[in-house]
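Worth knowing before you read on, the calculation uses all heavy atoms, side chains too, and leaves out hydrogens, waters and symmetry mates. All ligand and atom numbering here is 1-based and tracks the order in the structure. As the structure is a computational prediction, the values presented were derived from the model and not from experiment.
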Amino acid sequence: MFSQTAFRRRCTPWVLATGILLLMSGCSEPPKPSTLERIQKEGVLRVVTRNSPATYFQDRNGETGFEYELVKRFAEDLGVELKIETADNLDELFSRLSQPDGPVLAAAGLVGSEGRKRQARFSHSYLQVTPQIIYRDGQTRPSRPEDLLGKRILVLKGSSHAEQLESLKARLPGLQFEVSDAVEVVDLLRMVDEGQIDLTLVDSNELAMNQVYFSKVRVGFDLSDPSSLGWALASGDDNSLLEKTNAFLDKVEQNGTLQRLKDRYYGHVDVLGYVGAYTFAKHLQQRLPRYEGFFRQAAQAHGIDWRLLAAMGYQESLWQPDAISKTGVRGLMMLTQRTAQAMAVSNRLDAKQSITGGAKYLAQIQEQLPAEIVEPDRTWFALAAYNIGNGHLEDARRLTEAEGLNPNKWLDVKQILPRLSQKQWYSKTRHGYARGGEPVHFVANIRRYYDILTWVNLPQLEGSQLAESSLHVPGIDKAGNEKPLPQL
Ligand code: BLG
């Protein structure tokens with residue numbers, strides 16, 4: 001029989017050891033992984049966005065859009081795969097973000113407004129935008145909040161704009177506006193352009209990228225000071241992903257990546273100016289359709305992207321077959337008499353012949369360029385030679401090399417080209433004087449028009465056909481059922 005003391009003596013160490021072991025096993029239970037660790041372990045970054053030209057959409061080349069491009073780089077930075085999900089409207093976007101097994105990030109051109117900061121956390125800002133009142137050319141320009149009274153105004157449901165107009169009501173009780181979750185920003189702009197509504201409120205970046213498609217759309221006034229766009233994360237106290245997101249956004253700001261994306265998506269108006277942007281929009285609707293078939297045929301025959309040819313045609317003549325330059329060069333693609341003869345063009349003022357001849361000439365130049373010049377520079381060099389002639393381009397390449405720069409890089413040669421019009425330089429060249437600045441503008445403008453024609457053209461241009469595509473479908477929900485369009 002054990003005495004109590006003996007039991008204590010023999011068992012206490014055992015009980016203690018077991019207790020310690022139990023305690024230790026409690027402590028060694030693996031801690032819950034942070035959001036960032038989970039993403040890295042699963043190898044997937046789930047992002048929710050909106051399907052719109054300024055955020056994310058698909059064109060014939062695949063997925064694209066400003067938010068998509070930026071968030072794709074973030075996923076690459078994390079070394080994980082990007083999985084994009086789209087929400088039909090902003091309310092749905094925020095509700096998905098707050099689900100525990102939902103996407104971890106919303107990248108959708110979101111203003112970090114006070115209201116939204118109550119339901120989500122926002123990253124550092126990557127873009128400053130100004131909310132702008134949009135009206136139709138020919139109507140009286142609204143210039144202050146009072147001018148909104150008595151107008152038909154439509155904005156997106158759940159948007160920061162709906163929030164802003166709601167708070168404006170406190171000052172202007174007579175203010176009325178409608179909200180809709182059945183449309184996207186591009187539809188709002190189209191509705192103003194076509195006179196279906198009087199006014200809308202959109203962010204300056206959305207306008208900048210769409211201005212070239214809507215010739216009647218004008219800015220009335222800025223409703224408030226600029227606000228910041230950021231990515232939204234579900235609320236909570238796990239900061240692992242937020243910190244990583246901020247570090248990434250700071251990095252792309254510093255290394256110029258962000259600026260390049262902004263230029264590509266939102267820079268058109270900066271380059272064209274507002275008047276140039278309206279004009280381009282008008283010509284896109286009124287002139288391009290007449291020649292698009294010729295561009296496509298000629299492009300296909302010579303293995304060129306038709307939109308590059310169309311961009312050249314716009315730069316050369318604003319798509320006018322009877323254009324004549326001061327130097328006697330003629331037609332939609334501005335062929336010299338010599339080029340026309342070489343390309344078997346009998347009538348330079350015939351649009352089809354001009355386009356076919358221009359395409360053939362460009363393809364020929366491109367083929368003859370030295371093999372060391374590789375794409376995409378090869379295309380920019382071919383365009384420069386189309387404009388200034390191969391001899392002068394060669395002169396510029398030699399001068400470039402003599403300067404210790406790279407004669408096969410467009411970035412280097414374009415710095416030197418303008419010297420061809422200065423005596424101290426052209427006197428040393430084989431082909432002498434040339435208007436060296438002209439091809440630099442020529443190539444820059446064509447690249448700009450080409451960008452406009454390639455990336456966002458489909459959603460905007462194919463307006464009525466959109467209902468048939470599964471991409472961006474105002475008025476149709478995910479199940480394919482028609483949603484009623486707002487009654488105004
Ligand atoms: C180009 C020719 C080149 C020619 C160069 O001129 O025309 N391109 C075409 O005909 C397609 O063949 O090179 S060369 O044959 O080696 O000499 C140089 O002569 C046309 C350019 C000239 C330019 N537009 C196509 O880009 C033009 O018209 N410039 C004048 C503008 S303005 O009227 O003074 O404003």
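Distances from atom 16 (O) of ligand 1 to the heavy atoms of Gly389, Gly328, Gly331 put Gly389 nearest. Considering each of Arg330, Glu438, Arg435, Gln337, the one bringing a non-hydrogen atom nearest atom 32 (S) of ligand 1 is Arg435.
Listed by number with element, the atoms of ligand 1 under 4.0 Å from a non-hydrogen atom of Ile388 are 5 (C), 18 (C).
Among protein heavy atoms, the minimum distance from atom 25 (C) of ligand 1 is reached at Glu316 OE2, 2.9 Å. The shortest contact between atom 2 (C) of ligand 1 and any protein heavy atom is with Tyr386 O, 3.4 Å. With hydrogens left out, the protein atom closest to atom 9 (C) of ligand 1 is Thr339 OG1, 3.4 Å, a heavy atom. Nearest protein neighbour of atom 5 (C) of ligand 1, counting heavy atoms only, is Asn387 O, 3.6 Å. In terms of protein heavy-atom proximity, atom 12 (O) of ligand 1 is nearest to Tyr361 OH, 2.5 Å.
Side-chain contact check for Tyr450 and Asp305: at least one donor-acceptor pair (N or O, by modelled atom type) lies under 3.5 Å. For the residue pair Thr49 / Glu67, no side-chain donor-acceptor distance below 3.5 Å is found, with atom types taken as modelled.
Of the residues Tyr449, Trp319, Tyr314, the one that meets the ring pair (Phe, Tyr, Trp, His ring centres under 6.0 Å) test with His283 is Tyr314.
Residues passing the salt bridge (Lys or Arg N to Asp or Glu O under 4.0 Å) test with Arg218, sequence neighbours excluded: Asp137.
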Return all side-chain donor-acceptor pairs below 3.5 angstrom for residues 221-229, not counting sequence neighbours, or 'none' if the list is empty.
unit_1: Asp222; atom_1: OD1; unit_2: Gln132; atom_2: NE2; d: 3.2
unit_1: Ser224; atom_1: OG; unit_2: Gln164; atom_2: NE2; d: 3.2
unit_1: Ser228; atom_1: OG; unit_2: Gln128; atom_2: NE2; d: 2.8

